[in-house]
Amino acid sequence: MRRLELTEGEAPQLVELSDVEAEALTAADLAVVTRAPGATGWSVAPGRKVGVVQAGDLQISVKPKVSVERLIFLMGYASSPRYWRDHTVQLDAEVALPEALAHAFTRLASKAVEQGLLQGYRTVEDSLPVLRGRIRVNDQISRRGRTPSGGHLRRLHGRYR
């Protein structure tokens, strides 16, 4: 298997590709692939994404321009932007991206399991502007069948899991 490693933001490289490989890389949107003018190969430049894609017998890896531990931190921040976390991830300097993701997932999964696993569904009763689950008919009729001015329903009393 042929391998090509690129770093996000670096200059394009001239690579020998088949037309099928070039089309597959373009479709994956991981690298910008163009026919090199006056050359027999293709110009392959890393795009704005990092990751790994395989096309035929060619595997292209696009590494982040920031350190892998910083990338993992940014990914965690993006999934929960309410506050800024500056936790460090303990990784070797030359660790590959899949290994870094596996390490981060293992750490977060262990932290979640330490709190205990749910043993079943939890029933929730709530008053919502939209229906979720089943209507609690008695509560709906007795408490808020209509607004004080005689208008339409504002909230629905329901039970869901």
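For clarity, every value in this text was computed on a predicted model and none was experimentally measured.
For Lys65 against Thr7, the heavy-atom pair with the smallest separation is CA-CG2, 4.3 Å. For the residue pair Trp42 and Leu17, the shortest heavy atom distance occurs at NE1-O, 3.3 Å. Minimum heavy-atom separation, Asp57 to Met1: O-CG, 3.3 Å. Shortest non-hydrogen contact noted between Gly47 and Glu8 is O-CG, 4.0 Å. Residues Pro46 and Val62 come closest through the heavy atom pair CB-CG1, 3.8 Å.
Atom CG of residue Leu131 and atom CG of residue Leu156 lie 6.0 Å apart, to the nearest 0.5 angstrom. Taken to the nearest 0.5 Å, the CG atom of Leu6 stands 10.0 Å off from the NZ atom of Lys63. The line from CZ of Arg155 to CG of Asp126 is 7.5 Å long, rounded to the nearest 0.5 Å. The distance from the CD atom of Gln59 to the CD atom of Glu5 is 8.5 Å, given to the nearest 0.5 Å.
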Run the numbers on Leu30 and Leu25 for side-chain contact (heavy atoms from CB on, under 4.5 Å), then give the verdict. CA-CA 7 Å; Leu30 189 66; Leu25 291 175; over 6 Å; no
Verdict with supporting geometry, Glu16 and Thr40, side-chain contact (heavy atoms from CB on, under 4.5 Å): CA-CA 7 Å; Glu16 292 295 325; Thr40 59; 3.1 Å; yes
Test side-chain contact (heavy atoms from CB on, under 4.5 Å) on Leu4 and Val44; report intermediate values, then the result. CA-CA 10 Å; Leu4 174 63; Val44 179; 4.2 Å; yes
With salt bridge (charged side-chain N to carboxylate O under 4.0 Å, His left out) as the criterion, how do Asp29 and Lys49 come out once you've worked through the C-alpha distance, each side chain's angles and the decisive distance to 0.1 Å? CA-CA 8 Å; Asp29 199 29; Lys49 297 178 182 177; 3.2 Å; yes
For Arg2 and Glu21: C-alpha separation, side-chain torsions, deciding distance, then whether side-chain contact (heavy atoms from CB on, under 4.5 Å) applies. CA-CA 12 Å; Arg2 299 178 306 157; Glu21 290 172 334; 2.8 Å; yes
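Cluster partners of Leu128 are Val124, Tyr160, counting Ile, Leu, Val, Met, Phe, Trp and Tyr whose side-chain heavy atoms approach within less than 4.5 Å, directly or via other members.
Counting only N and O atoms by type, the side chains of Ser43 and Gln13 include no donor and acceptor under 3.5 Å apart.
Looking at Glu23, its side chain never comes within 3.5 Å of a backbone N or O of Val20 through a donor-acceptor pair. For the pair Arg136 (side chain) and His157 (backbone), a donor-acceptor distance under 3.5 Å is absent.
In Arg134, the CZ atom is not crowded: 12 or fewer heavy atoms of neighbouring residues, nucleotides or ligands sit closer than 6.0 Å.
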